[in-house]
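Heads up: the structure comes next, in structure tokens.
Remember, predicted model here, so these are calculated numbers, not experimental data.
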Amino acid sequence: MNELTVEQTTDVPLDELLDLYGSVGWTAYTAEPDVLRAAVAGSSFVVTARRGGRLVGLARAVSDGATICYLQDILVRPDEHRTGVGRALATAVLDRYAGVRQKVLLTDDDPGQRAFYESLGYAETRDLGAGTLRAFVRFDPA
């Protein structure tokens with residue numbers, strides 16, 4: 001098996017992005033390739049994982065570098081799940097923003113994702129107790 005390489009990048013070829021995002025079914029991203037390209041290019045930090053040169057994962061963050069880091073995307077090809085790729089990507093982002101107090105992310109309600117993010121130190125806001133924290137999100141129609 002080829003060794004995994006994880007590295008920060010500023011440029012991921014669009015065809016590789018579309019293939020990776022498509023592999024996990026994120027069609028909201030693949031339906032608008034120019035928007036995906038702009039989103040990745042405009043991120044504060046992008047890290048990729050490759051095995052044998054093949055893009056197998058990506059994580060990106062949006063941050064001011066001082067007070068907040070939003071882990072926007074973390075995705076891993078399905079055939080690479082449970083191989084440490086996701087943890088390596090998340091760790092790269094968390095290490096980069098170690099001095100930032102607020103680290104935020106939104107994800108769906110898949111039970112495996114909850115366990116994964118909790119293992120990285122994240123908690124669901126509803127688990128923090130009454131009145132301690134609220135989260136709001138607004139999605140506008142495309």
For L128 against A123, the heavy-atom pair lying closest together: CD2-CB, 3.9 Å
Remaining members of the apolar cluster that contains V24, side-chain heavy atoms under 4.5 Å: V12, L14, L17, L18, L20, Y21, W26, Y29, L36, V40, V46, L55, L58, L75
Within one Ile-Leu-Val-Met-Phe-Trp-Tyr cluster: V62 and V93, side-chain cutoff 4.5 Å: no
Gap separating the OH atom of Y122 from the NZ atom of K103, nearest 0.5 angstrom: 7.5 Å
Closest approach of V85 to A49 (non-hydrogen atoms, all atoms of both residues): CG1-CB, 3.7 Å
Distance, nearest 0.5 Å, that separates CZ of R96 from OG of S63: 7.0 Å
Partner set under side chain to side chain contact (heavy atoms under 4.5 Å, CB included) for D19, not counting sequence neighbours: R77
Same cluster (ILVMFWY, side-chain, under 4.5 Å), F116 and L94: yes
Derivation and outcome, side-chain contact (heavy atoms from CB on, under 4.5 Å), residues I68 and V104: CA-CA 8 Å; I68 190 161; V104 179; 4.1 Å; yes
Test side-chain contact (heavy atoms from CB on, under 4.5 Å) applied to R101 and T67, step by step: CA-CA 6 Å; R101 182 174 168 258; T67 64; over 6 Å; no
Side chain proximity check, V56 to T83, heavy atoms < 4.5 angstrom: no
Y70 with F139, same ILVMFWY side-chain cluster at under 4.5 Å: yes
D11 bridged to R37 by N-O distance under 4.0 Å: no
For A92 against V47, the heavy-atom pair lying closest together: CB-CG2, 3.9 Å
Minimal non-hydrogen separation, A88 against L4, with atom names: CB-CD2, 4.4 Å
Straight-line distance of R114 CZ to D127 CG, nearest 0.5 Å: 4.0 Å
side-chain contact (heavy atoms from CB on, under 4.5 Å) between Y97 and S44, worked out: CA-CA 11 Å; Y97 295 102; S44 305; 3.4 Å; yes
Reported CG-to-CD distance for the pair D109 and E124, which is rounded to 0.5 angstrom: 9.0 Å
Hydrophobic cluster membership, L106 vs L120, 4.5 Å side-chain cutoff: no
Cluster link V6 to V76, ILVMFWY, side chain under 4.5 Å: yes
Shortest non-hydrogen separation from L71 to A59 and the atoms involved: CD1-CB, 4.4 Å
Derivation and outcome, side-chain contact (heavy atoms from CB on, under 4.5 Å), residues R50 and E16: CA-CA 11 Å; R50 293 182 179 274; E16 289 187 325; 2.6 Å; yes
Salt-bridge criterion met for E3 and R51 (N-O under 4.0 Å): no
Euclidean distance, L105 CG relative to I74 CD1, rounded to 0.5 Å: 8.5 Å
Gap separating the CD atom of E80 from the OG atom of S23, nearest 0.5 angstrom: 10.0 Å
Side-chain donor or acceptor of S43 paired with backbone N/O of F45 under 3.5 Å: no
